Structure formats: structure tokens, C-alpha cells
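A short worksheet on the structure shown next.
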Amino acid sequence: ALAPVAPAAAADKVNVGALRFTSHAASFVAFERGYFADEGLDVEFTFFQAAQPMAVAIASGDVDFGITAISGGLINLAEKGAIKVVGGALQEEPGIDGQMILASKAAYDAGLTSPAALAGKSFGITQTGSSFHYMVHKIADKEGIPRSEITLRPLQKVGAVIGALKTGQIDAWTIVPHIAKAIAAGPEIEPIGMIADYIPDYQVTTVFTSTANTTERPDLVKRFLTAFAKGAADFNAALVDKTVSEQEAEDMVRLIHKYVYADRPFDKAAPSIRNGAMRINEGARLNLASVSDQLEWFKSENLVPSSVTLEMLVDSSFVETD
Amino acid sequence: MTLSDTSAKASARGEPAGADASPEAADTRLQPVPFRGGGFRPVRVRFVGPLVFAAILVLWEAGSQSGVISNLVLPAPSEAFEAFRQLVETGQLWRHLGASLQRLIVGWTLGMSLGVAVGLMIGLFSLARAGLMPLVSALFPIPKIALLPLFVIWFGIGEGSKVATILFGSFFPTVIATSGGVDNVDRSLVRMGQSFGLSWWSIVRKIILPGAMPAILSGARISASIAIILLVAAEMIGAEYGVGAFILMAGSLFATDQLLAGVAILSAMGLIVGWLIGRAERWLLRWRS
Amino acid sequence: MTLSDTSAKASARGEPAGADASPEAADTRLQPVPFRGGGFRPVRVRFVGPLVFAAILVLWEAGSQSGVISNLVLPAPSEAFEAFRQLVETGQLWRHLGASLQRLIVGWTLGMSLGVAVGLMIGLFSLARAGLMPLVSALFPIPKIALLPLFVIWFGIGEGSKVATILFGSFFPTVIATSGGVDNVDRSLVRMGQSFGLSWWSIVRKIILPGAMPAILSGARISASIAIILLVAAEMIGAEYGVGAFILMAGSLFATDQLLAGVAILSAMGLIVGWLIGRAERWLLRWRS
Amino acid sequence: MDLLLRGVSHTYGDTQVLRDIDLAVGEGEIVCIIGPSGCGKSTLLRFIGGLERPDAGEVLLAGAPPAGSLNPLTYVFQDFALLPWRTVEGNVSLVLEDHGLSAAERREVIDDVLARTGLSDFKAALPRQLSGGMKQRVAIARALSVRPAVMLMDEPLSALDSQTRELLMDDLVGLWQRERFTACYVTHNLAEAVRLGHKIVVLSRRPGRIREIVEIDRDLADRQQADAKLDAIQRDLWQLLRDEARAADRELADDTV
Amino acid sequence: MDLLLRGVSHTYGDTQVLRDIDLAVGEGEIVCIIGPSGCGKSTLLRFIGGLERPDAGEVLLAGAPPAGSLNPLTYVFQDFALLPWRTVEGNVSLVLEDHGLSAAERREVIDDVLARTGLSDFKAALPRQLSGGMKQRVAIARALSVRPAVMLMDEPLSALDSQTRELLMDDLVGLWQRERFTACYVTHNLAEAVRLGHKIVVLSRRPGRIREIVEIDRDLADRQQADAKLDAIQRDLWQLLRDEARAADRELADDTV
Ligand SMILES: Nc1ncnc2c1ncn2[C@@H]1O[C@H](COP(=O)(O)OP(=O)(O)OP(=O)(O)O)[C@@H](O)[C@H]1O
Ligand SMILES: Nc1ncnc2c1ncn2[C@@H]1O[C@H](COP(=O)(O)OP(=O)(O)OP(=O)(O)O)[C@@H](O)[C@H]1O
Ligand SMILES: [Mg+2]
Ligand SMILES: [Mg+2]
């Protein structure tokens, strides 16, 4: 959209779906720093309020690329042949602040001081088949608690879960670090563990696109991922590995602030942005093992048809996988 | 074009009628009086409703089968029916329905009763109107889903918040419909009641309320539909069972066949409620021509 | 002419009227006729509406300040106002408002127009009633949020799906209110129109429509509020700006101050629309006593 | 235009309202219909006007309406049937609007009929601001404005004081002399009937049958003065009705015992 | 109960309707009010009944209502004011329900008044199924059922045929002889006025003022037969009203030129 004079060949128009979260920062960086333009991509963002409509918009061809957690909806859309995961984005990594497990003060005082005590407790999730649902079951599996002994409370919205947790109507929840740190600072909520301890190398979010794009315009996908990876690298360096100067980090935060928490003053928004920084995979590499584990879990819970295969979900020809 | 300048025509006719005055003789020119009345009074036409539904379903199924309607856009009715059948077979249907119906009935009944009461107050008292009507205008447009986080805190994640959601949803339209109906009651009937020394309460019960009944029943149609709509919003909050929860789950999994089956259940509820209110209208408003 | 002759006559009639029948003498016992009329006709009371709002805000603020209302449960109005001020200062308010108002006006106008048209058809034609009314009963209760995924596919993620959401939301209540209003029009007036050879269309425009106007305006109040509510649902889909999008964002971050500021904007919209419809009612229904 | 009723009968629910009505109304003839309350006079008028259809029998019409007539068969309704949302002027205007008259022509007609019914001052009043008699006059003005060929008048002067009634009757007679309209005129006032009717149809109590048809030869213009013959007719009618009412009364009394 | 009106005046918007009405109605007296259409008779009745308040002047009441009266000041409305959603029986029942009568007592009263107005067969009919005259009789029946001490009747017999009217007038006279109620009786029928009134109040055209009050000494029971004196009074009233109407007509004509 920026190119004042069209380059030799007109740039490919690409519509990228995004949520105004720090986890989408790689795209913003790639856009602001011209990496997309370098790849001959004329990127336009479409912002969504939730991940699910974004997935549908990609299936319907309104949007070309999106980034979201692997959810039941995503897999079902893939099963219908509409979309494909083509790369990785956010990943849990030991040593970097990842998603935290939280307990309400009341439950904490009553003994829920570690995830091992989750049996018989209630756990907040947004929706059935969301990543929260997956995480709590993985915790249960690891702690040897039968999955059915943790009561799941679908509350649709992150905000609603926070409210329920603060007032002690649910006992526990997991959430990304910047939100977790912010609310755990208050008196109503206590942190009791880290997801990284239960799901190592958890591939939290992935880059996905329509199946049509992978088959008809593989080159476009490739170029997008290249630019995206450059943006991710800059982001990781500035806010995750902190290998750059403080000034550069500050610049990065300012860049992201254009998209995230834009309606708050910068000094209020900056800590949230910094807290929210989790590693975005180098080169958009995809942890297939984690994806496969998630897929198996969805099948085991009958949330997706058992006929779905990893090949239906992932097109691994674009990035490195492990 | 005044009425007085017709003398020309009058004199042209001159003699009154002559042989024409004997209608028997002029039988050949006799025509029945053109019928101008009738109409403007819908009669019940049977079978059209079901036929329309059947036609839509058949077209839709045909479209899906032939691929005109992509499966991504809209699953075939047969798929939705299959999903519904599974729901019946696993016995889940009754759990979902039971949970939802209970919330619906409690919430809607409370919302309607409060709504009619407040609507009457607004219609009857100047002070209530001045104080409450702006409040209704201001509170009605607040989206229940936006307030979910606060509802969770205020009413908890049990049945309270669910019933409250439906209650609020059916309360406001009922208030508006009722107060509008009260405003529309013929005041000369009220004066009659007063002239016979009827008590205030008698006037309200026997003159105002029946006079506003058409509007209240219209409002009930609207508020019942809204209550059903709000099942989904209500069951967003920590509901394990319920048609709304089922739809939400299907939506989040993008299981469109289940989604459609759930939506069809809501539609069926709407049809039944609509039919019941139609019966109530025919009974309560049988005094209308 | 005094009543003294009455007493004479009364006694002549053989009734012991005595001094009582002479009111001049019995002036002490004269009382004004008890006034039984009046009432049942709300008058406008100024300042009460604003006062109620002011009182609520003051109480709420006081409750928040004193800690009676925990900040968790409900942020203080001052906090919400602070959030609102920021919205104004950053200039975001106008972008949000502009985007939402446009969707609202287009969607609601279309929904109302179509709704009145279909409502008239249902009220006037038996076939339309038999075919469409069950369809309305069945489609109205379908929650727009449940269909969002399908809306995305049908109408895209641009303005289409947003306007469509609002359109559908305001269409159905309007249909029900209008058809109810048409049913309630005095049929003897219609017969009068027919007896004067008025065309069908004239009867509809000049007798049915004004007669149904009170119900249509009630319906407009309801549908406008629903349209505002649906801003949030509509702006779930790929909306960057808009009051609904702002609220969703605030809700998902549990930023209750912003949430409340956004909700207050919706309330203000509702107040303005309610006020406008009130004016329209006073103008269009000035023929009512 | 001539009217011919042949064997008109009608039943509402269980109550037979009219039985075997045969009646011919010649062009330019005013037929007054009298009969006890609830005997079916208004119902009969609705059949003649084509607003309802009788269960049995037929209502026939002969002759073409005169050129200037906007609405050949025109009603004055017993309950006035004014639109509450239109002013006096608007209520009259309503029936003129479908006929392609210019606004000026309409205004002229309206002014004329309102002046004739003494309502010029109340042009802009709404029905709820009118007295009963004024509403009735609006209904008459509205009917006059469309220059009817056949007037169907259902107790058109019942709510008026005797003087206003007198004036309007004179007006009607004058109009008839100019335009020779046909009319069916339902009334409870025998003086009105003998003043206006060429024929007076006496209906029996419900179910309404024709008891008698009294013809009055005298020209309408000559009926102004006190007239022994008319008085005699009026007395005869009175007697006829009284007998009818007595019978009804007896029957009722029997019923309720 | 006595009624006393002192200097009652009223203005609706720009039109003055009543001016300086002073009137005394003694206990057990029937006052007939006549006057041109729109002169303010119904308005005056509303003031007397306490349904509206005049701009100026006062309406006073003396004496206690008799023990048996359920609603001392009772109306018969010009436009009937029946509840469309109640049957004939229900409409009468409505005004009895607030008085703690047993269902059987109520039924008895209802049966009585419906029989007296010849409506026993139509107990279960809804207002829309009634003829104009029948509606008016329901309104009368309803008023009778509460045993009023003061009856305010606004053209109560206008929609009735002469025979039914005769019967109901006889009934009213009979009732008056038994119960000696006070009444204000608005009518356009001079025969009715001289038949029923102890006093006849003639109002001028709008703004209504009292033109004349004619007293008739003859006992109500003795007015059955043709009576030269009553006829003379009726003719005088007629003349009075005609002059009034002429003046009004002239004024109107001036207005509209
Ligand atoms: N609510 C009102 N608002 C304005 N004007 C009114 C209202 N009610 C009555 N009027 C006017 O007051 C005058 C008297 O009306 P009222 O009904 O008392 O007449 P009336 O003597 O009963 O006439 P009629 O014999 O025709 O019934 C009329 O000119 C009428 O237009
Ligand atoms: N819509 C209806 N449904 C049922 N019965 C009706 C209906 N209309 C009229 N009737 C009955 O038909 C009979 C005749 O009614 P109609 O109005 O023709 O009487 P009418 O001769 O005009 O009496 P009035 O002089 O009192 O106006 C009445 O008994 C009435 O109850
Ligand atoms: Mg009649
Ligand atoms: Mg009057």
C-alpha cells in the first residue's frame, strides 16, 4: 500500500488477517520495515476481534494469511480442504516467560498451590476445542489426574475468564504471560505453574493460509513466510533475546504500539507489550511433533473427525519442521 | 367544480327516469352491485406455511447435492439432520433442551412480567415515564455479550447469569411495546370507567390492559424470539449443557452440520412459541372483527 | 332562577325536601363535584430524566470511591470517563463513531424499510401471512453471533456482513410490530375507504399505515435498540474501527474502564435515537388525545 | 341509477337479520327506510353499497353513473367513520384525492361542502375536537363532496338539533332538485321520512321483512308547509310501527319469563 | 341530590365553548338541555359529571346520595363508550364489579336492565355485532344498572326508532316516579324535552350561554296524552331555536364570504 510508484511488476496484493496482540507483532514489523514490500507483496491488514472469524475469512478467500492457535475449528476447516498450516509462530521455550497457570486466591488458600492439586477443581477455558482446553488436559495427563476430574468452564472470552477467576468462580486458568503477569500482580490471583513445564516446545500459534494459495500460488506463500521470518527475527532480537540496544528495543515497542494498545498512552502500553513478548519461531519453522500431538488430542476428545491426518492440516513444504 | 354548477347536467336529464324507473323492464341492463368490501382481513390459509418450509428444504438439499451450494458455505439439510439424529441417539438432545428450556421459561416469564409492569407504569405515570423511559432507552442498547465479563462477576457463572441475560433481553422490548400499547388505548373508554367510579386498579385491569393487549402480544412475539436468541449469549458463560452451549461449541469447532442442527432447534422453538402466541392472540383478541 | 321554586315544587310533589333543598340556605353543605377525570395521560415532566441519570452516576461514583462497589465489580464512572477522555484526545472516538454510525444508519434504514414492507404484506395478504409469518417465527430466533462464520462466507468480511447483521436484527422486530399494528387498524375505517372507491393503494397509505403508525413507531424503538446492540456482533468480523470493535477489544483485555466507556457510547446512541423517535411520535401521533 | 333488490336474506351466526327483501328504487327516487332498532336497516344498506354480500338474493344496479360523479354509490355511515388522524378538511379531501382533481379544485369542493354543513370554522379541527353533531356533519359533507349518483344514508341527521337538521334537509331537497340523485335514507324520524321520501319502506322487527311500502306523490318542493295529508301518513306510519313494537315487546316479555 | 352551576365558562384552544352558565338542578328534577349542534352541551355535562374542569366557575353538589345508589353521578355517553372486548353482559357487569355485589346479585341486576332495554337475546353479543340503536341501549342499560342519583344523559335515545324510544321514555318516567332521580338530559328532540323535562334549558349557539329556561309544571305522569299546552311549549322552543339557528347561519355565511 505504501509503494508510491509501482515497481516493474505490480506487487501482489496480499490481505493479512491479524489480531491486535503482541503475538502478531512479526507481521507488523515486517510491514513497517518494508520486508513485505521487498518481497513484492502489497500487504494490507484486516483486523479481527477473535481468531475464529479470521480462520473462516481465510477459508472464504477474503483473507490470505492468518496467525492463530490450533483449534478444533481450524482443524475442521482444514478437513474440509479449505485451509492449511504453513508455518509456525509462537512457541513455548524453556527459559523464556511463557504461558502461566493461575489460581484464584480462594482456591490457592484452599491448597491449590500447584497444578498437581487440580483434581476436583474447575478450570476456565474460552471454548471447547480451544488451546486452553488442550493445555488443561495436557496438565492433567502429566499430573496423572483423570481428565474428567477437572471441571471445564467455557466462558467464551478472555475477559469473562479473568472476571470469573478474580471472583473465585473458577479455580484455575492458563494464559499468555503479559496478561498473566498483569493480573497476578493483583491480590485476587496467584500463579501456580508454567505451561512450558507440561508441554515442552508447545507450538502455540501457527501461520496458515488457504489451500488454494498453497497449490496455486506457492511462490506467494514462500515470499510471505520469508518476510514474516525477517520480522520475527527483528522482534526476537529486540524483545525476547534482548540482544539489541535499549533504544532499538524502545523503537520496536513503539512500532508495535502503532498496532497494539494503540488507544492507550505509550507509557501505559509499553509494559504490556514487553511482557507479552514470546519467541516467534526463527524462519517460521514449525514444530510438527507438537502439532501432531495437538491433532491427536483433538481426535481423542472427538472434537474433530478421526479421519483427519497431519497432511490435511499441514503443508510442510514451505518451512523447516522438526 | 362546485356542486352547484351541475344545473346543465340536471336539465339535460330533464325528466326523472321514465321507463327506466321500472327495473323489471330494464332487466337486460341490470348488473350486480360491484362488491367493494372484503379483503384487509387475512384468513388462515392452511398448508402454505409447511409447504414453504418444505420447498426451501428441498431446494437447499438439491443445491447442496448438486454442488451449487458449496459445503463450506452451507451444509446440506440432510447433514444437519444427521447431526440432529446423533444428538437424539446419544440422548444429549434432552439434556441440552432441558437445560435451555428451563432458563428460557424462567427468564422470559420474569422478563415479560416485569416488562409489562414497568411498561404499564411508564404508560400510566408521568413521573415514571420521565424517569424510566430514558433509562430504558439507555440500557436497552447495551449488548449483553459485551457485558459478559461483568455479568460473570455480578451474577456468577451459575444459572443466575443465564437467567439474568434472558430476563434483561425480554424485559426491554416488553416495556416499550406495553407502554406504546397503553398510550394507544382510547382515552374516552377510560373516561367512561372514571365516570362510573371504577377504581384506578379496575380501570387499569379492565380497560387499559385489554386495550393494550394487542401491543403486548406483539411485544411477546418479539421478546420471546429475543429470549431464544439470547440463549446463546446466556450459555456462553460456563454452561455445560444447553442448546446455546451446543451451538457455541459447534461454531468454535466449525462443525457446521452441528451448528445448523442447533440453529434448527432454536428455529423450532421460535415456531412453537410463535404458534402459541398466535393461538393466544386468536383467543384474547377474538373481540376484534 | 333560584332553586327556591324547586323546593316548592319538590314539596308539591310530596317530598319533604325541607330547607335542604334550598342550596342558598344550605351553602355550607355545598361541595364541588368530585373531579373524577384526568390522569391516564402522561404529561412531559422535564429534568426528571437527567436528574435520574445524575443521581445514578453520583451514587455509583460515591460507592466506588468509598469502596462499597469494588473496582473489580464495576469501575467508577470517573474511570470510565477518563477512558472516554483519552478516546477523545487520541481522536479515536470519531473514527469509531463514524464507522459505527454509518453501519447503523444503513443497516437500520434498510431493515426498517424492508420490515415495514413485509409487515404490511403479512398484515394485508392471507397468503403472505401463511407463508411468511412462520418463516419470521423460525428465522428471528436465530442468533446472529452463531451465524457469524456463515455470514463471513456469505457476505464477506467487508461492510457487507456488518450491515447485513444489523439489517437482519432490525428487520424481524419491525415485521412483527408492523403486522400487529395492521391487524389492529379499525376495519370499519377500511370499509369506509372502500365505500368511497379509494384505490387499494390509497387505503393502505392513508388508512392502514397511519392506523398502524403507533405500533410501527414502537417497533422502531425496539429495532433501533437492537441495531445498536448488534453493532458489537457485527464488528466481531474484521472490523478495525467501530464502537463495537472497541468494546470487544476492551472486553477481551478485561479493561473495564474502556468497556464501560464504550457501553456508555452505545447508551448515548440509544438515548438520542429514543429521543428522536419520541419527537417523531409526538409529531406523527399528534392526532391522539 | 336504478337499484333492484331481489329476495335478499341474510343471517349473522344464528340470528336471521333480513328475510326476502324485494325492493326497487328508481332513478332519482328517494326511498326512506324505517323500522325498529336492530331490524337490519344498516345491514341492508351495506348490501346495497356492495360492502357486504347477502347470504341469498341479489342486489342489482342499472344505468350508468352520470359523468360528474366521482363515486356513484356513496355512504353516510351511522357511526361517521372519520379518520381520527385527519382534520375535518383532510377527511373530506381523502375521498377526493384518488380522482385526479387539482389541489385548487379539491379546495373549492371542500370549501363548498364545509360551508353547506356549517363547518367552515372547523376545517383544521381533528375529529376528537368535534361534537357529535359536528362529526355527523363532516360525514355528510364528505358524502356530498363526491357528487354521488346514489346516496346511502344511515341516520344522517340523528345527532343534529332540529334546526340544523331542517337546514340540511332543505339543502338535500335543493340538491335533489338540481341533481335528481337516487337515495336510500334510513331514519328513525318519521317527519324526516315524510319530508324526504318518495317511497317509505317499513321494515318489520328482526328478521327484517318489508311490512309495507308507502308512496308519497307530492313533490318534494311542495312539502315545506304543514300538510294534512303528510301528517296523516306520518300518523299511519306511527301506528304501524307501534303495532310492530308492541308485538316485539310481547314476544320479548315471553322470552324472558 | 341538588346540582348548582355558578358562572361556568370554558375555552378549548381559541374557541370559547361555554360562557357564564348559571344553573340549579333541584333534587328529583329532570332538566332537559337543548341547543344547536356544537354549542357545548356535552361539554357542560362533562363538567357536571366531574370528568373535566371548567376554566372558570364552579359546579357544586349538595345532599348525600341515596343508600342504594352504586354510582351517584352516572353518564349515558353520546358515543356509547362500550368496551369492544366485553360482551353486552360484560359491559354492564363492568360497572357493577367494584361494588362488592355477589355474582348472583349482579346477574339479577344485569338481567333486569337488559330486559328493560330489550337486549336479553343479545347478552353474549360483542359491541361490533350490535346495531347502532342496540349499542345505545346497552349504554342506557349500563347507566340504569348502577341506580344513579343523578343521571347525565347525552342524547340517550337519538339512535332509536320512535317506538323503542317511546317505550324507553315510559320506562324512564316510571323509574323516575319510583326513584325520583335527578337528571340532566341533553336532546335534540323537542318532543322528548317536553315529555321528560321539569325544566328545559335552551342554550345559544357557541359560545353556549343560557338563552332561556322554560319550566313545565305538569306532572310527568300526566304528559302521556296529546296536550295543547305542551304542544305550545314545543312550538315556542322551536321558534326560539330557529331564530338562533338563523342568526348562526347568517354569521357563518358572513364568515365564509
Ligand atoms: N377536546 C376538545 N378539544 C377542542 N375542542 C373541543 C373538544 N371537545 C369539544 N370541543 C369543541 O367544543 C364545542 C362544543 O362541543 P360539545 O361536544 O360540547 O357540543 P354539543 O353541544 O354536545 O354538540 P352536539 O349536539 O353536536 O353533540 C365544539 O365546538 C367542539 O368543537
Ligand atoms: N357483524 C355482525 N355480526 C353479527 N351480527 C351483526 C353484525 N352486524 C349486525 N348484526 C346484527 O344484525 C342485526 C341488524 O343490525 P343492523 O345494524 O342492520 O340494524 P339496524 O336496523 O341498522 O338498527 P339500528 O336502527 O339500531 O341502527 C342486529 O341484530 C345485529 O345484532
Ligand atoms: Mg343501523
Ligand atoms: Mg354532544
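Here is how names work: the chains are called A, B, and so on, in the same order as the sequence lines, proteins then strands, and each is numbered from 1. The structure presented is a predicted model; accordingly, all values stated were derived computationally and were not measured.
- Within 6.0 Å of atom CZ in Arg286(B), more than 12 heavy atoms from other residues, nucleotides or ligands are found, so the atom counts as buried in its surroundings.
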Dump the intermediate steps for side-chain contact (heavy atoms from CB on, under 4.5 Å) on Lys206(B) and Arg86(E), then the final yes or no.
-> CA-CA 9 Å; Lys206(B) 297 171 187 170; Arg86(E) 287 206 174 205; 3.5 Å; yes
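- The minimum heavy-atom distance linking Asp98(E) with Ser202(B) is given by the pair OD1-OG, 2.5 Å.
- Atom CZ in Phe196(B) sits 9.5 Å away from atom NE2 in His99(E) (nearest 0.5 Å).
- For Arg53(E), the CZ atom sits in a loose shell: 12 or fewer heavy atoms of surrounding residues, nucleotides or ligands are nearer than 6.0 Å.
- Here the CH2-CG distance, from Trp287(B) to Leu83(E), works out to 9.5 Å after rounding to the nearest 0.5 Å.
- Of the listed residues (Leu73(E), Thr74(E), Val146(E), Leu94(E)), the one with the most heavy-atom contacts under 4.5 Å to chain B is Leu94(E).
- The minimum heavy-atom distance between Leu51(E) and Gln194(B), with the atom names listed, is CD2-CB, 4.1 Å.
- Atoms OG and CZ, from Ser195(B) and Phe77(E) in turn, are 3.5 Å apart once rounded to the nearest 0.5 Å.
- In this structure, chain E has no heavy atom under 4.5 Å from any part of Leu284(B).
- Residue Leu70(E): no heavy atom, backbone or side chain, is found under 4.5 Å from chain B.
- The environment of Glu105(E) atom CD is dense: over 12 non-hydrogen atoms of other residues, nucleotides or ligands sit within 6.0 angstrom.
- Interatomic distance, CE of Met213(B) versus CH2 of Trp85(E), reported as 10.0 Å (0.5 Å rounding).
- Across all non-hydrogen atoms, the minimal contact from Pro84(E) to Leu189(B) is CD-CD1, 3.9 Å.
- Atom CE of residue Met192(B) and atom CG of residue Asp79(E) lie 10.0 Å apart, to the nearest 0.5 angstrom.
- Closest of all the heavy-atom pairs between Ser188(B) and Ala81(E) is O-CB, 4.4 Å.
- For the pair Glu97(E) and Arg205(B), the minimum side-chain heavy-atom distance is 4.5 Å or more.
- Few gaps surround CZ on Arg129(B); more than 12 heavy atoms of other groups in view lie less than 6.0 Å from it.
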